[in-house]
There are 2 protein chains.
Amino acid sequence: MDRIESVKNPKVKQWKKLHTKKEREATGTYLIEGIHLVEEALKRKEMIKLLIISEELTLPTHWNVDGLSISLVTKEVMKAISDTEAPQGVAAICDKENEHPIMNWKKVLLIDNVQDPGNLGTIIRTADAAGMDGMIISEGTVDPYNSKVIRSSQGSIFHIPIVKGSIQNAISTFKNNHVPVYGTSLQNGVPYKEVSPSDKFCLMIGNEGNGVDGALLQETTRNLYIPIYGEAESLNVGIATGILLYHLRG
Amino acid sequence: MDRIESVKNPKVKQWKKLHTKKEREATGTYLIEGIHLVEEALKRKEMIKLLIISEELTLPTHWNVDGLSISLVTKEVMKAISDTEAPQGVAAICDKENEHPIMNWKKVLLIDNVQDPGNLGTIIRTADAAGMDGMIISEGTVDPYNSKVIRSSQGSIFHIPIVKGSIQNAISTFKNNHVPVYGTSLQNGVPYKEVSPSDKFCLMIGNEGNGVDGALLQETTRNLYIPIYGEAESLNVGIATGILLYHLRG
């Protein structure tokens, strides 16, 4: 265990850089903070590279931190690496996971270009709740290791595998594996309740303003829409995802 | 049409006060801003008491503002009354509606103590999309005329009647009218798919952290829960509302 007092310590500078997507991609790691998120991460200790604890914090007695690397830091250091107004005194650096058995997935969410961190976080939480095997997100989607996404995921970022990759390739892969792929579209497609629930399906959702890319919609098994009965123009993308996932999984 | 140049004009001070719940309740009016929201409000012109237009703005040609009171203001005045960083140059003062034929409602959403403005706005948008007849919200729920709620509702605040009142009274009223009332609860109740879709139902949702008040859950026809298949502890309240409304309405 080391102890870091100065906000100018090179390690502190390094940790702060993890607020940028560039640094997260270069190192394959990301920073989380707060009691709840660190507690969720502790359930899969092998992910945690370093626990960062403010020296005035008393760790919850039920936490088991045996075997973990720990840095004790001053309140000032914790404040410097935090992006919240009232840091809770604990943070961690986690390893992204890279190897996922995509070929075995039977219930999959594909994300094409979702931009809002709060939306993506809520979608991750919803996909976890709905028991999805994993998610594949396009390059253009907001980085899931962005701190706002992690916060809105309420810890689900640690529960469900997320892979960045080509949505087009994913569509072919799952169709070849006899997993039907459903796009979502306001213009074309069938009301979602026409598709029966199943234990094998892949749902594709798209950008908040523009929906799923038109070329991708050509590649799907079928495209679905959620009927609008009132005067709203559309549903929020997270709400739409919840309605569709809970219908499709039965 | 009058023209207001100074941010110290008493009218400007009056308009700014509408950012407080107290003033909105005292006057029965609220302030909206931005092209999209004002355009939605124009669909029900009788609600608009005053249109406030920045003098450098050219109104969209398809807007019909005949018969409306208009104040032209300087950019500085618009900035003073706005709570966004980049005001779009148009705002309006609207009348809250107070008389709603609750007794005739057959598809109703009851809101007990939802606190987050973004959640309430999304819920209003979702209830509108699902074709609900109206919403009844508890005194403890965030004010629906709060500007953040209005923004996240994406205009649906103008489409669906919202009444503030006692949830307990509402439960009795609808049960007496033979409209079944469903509470939502993680602890007790039945999986929501056990209830068949119907054109008559009342759904009650609750606070983000604590759910629906326990005493209210005693009064319902039945209480429902949404199964969690993964490791998430719960669903976001807006997502849960979407899943339940779209299931119940069939």
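Naming: A, B, ... by sequence-line order, numbering from 1 per chain.
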For the residue pair A/Arg125 and B/Ser234, establish whether any side-chain heavy-atom pair is separated by less than 4.5 Å. yes

State, yes or no, whether a side-chain contact exists between A/Tyr246 and B/Tyr246 at a heavy-atom distance under 4.5 Å. no

Would you say B/His178 has more than 12 foreign heavy atoms packed within less than 6.0 Å of its NE2? no

Which heavy atom of A/Ala129 sits nearest to which heavy atom of B/Leu235, and what is that distance? CB-CD2, 3.6 Å

With only heavy atoms counted, which part of B/Glu231 is less than 4.5 Å from chain A, the side chain, the backbone, both or neither? both

Heavy-atom pairs under 4.5 Å with chain A - which of B/Ser156, B/Ala127, B/Gly118, B/Ala130 has more of them than the others? B/Ala130

Under 3.5 Å donor-acceptor, A/Asp128 side chain and B/Gly230 backbone: no

If you count heavy-atom pairs under 4.5 Å with chain A, which of B/Thr122, B/Ile228, B/Ile226, B/Ile239 comes out on top? B/Ile239

Please determine whether the number of non-hydrogen atoms from other residues, nucleotides or ligands lying under 6.0 Å from atom NZ of A/Lys49 exceeds 12. no

Could you have a look at B/Gly131, B/Ser152, B/Ala232 and say which one has the most heavy-atom pairs with chain A under 4.5 angstrom? B/Ala232

From the list B/His247, B/Glu40, B/Arg249, the residue making the most non-hydrogen contacts under 4.5 Å with chain A is B/Arg249

Name the member of B/Leu244, B/Thr241, B/Asn236 that forms the most heavy-atom pairs with chain A at distances under 4.5 Å. B/Asn236

Quick check on A/Glu46: does its CD atom have over 12 non-hydrogen neighbours (other residues, nucleotides or ligands) under 6.0 Å away? yes

Heavy-atom proximity to chain B below 4.5 Å, by part of A/Thr126: both

More than 12 heavy atoms of other groups within 6.0 Å of A/Lys148 NZ: no

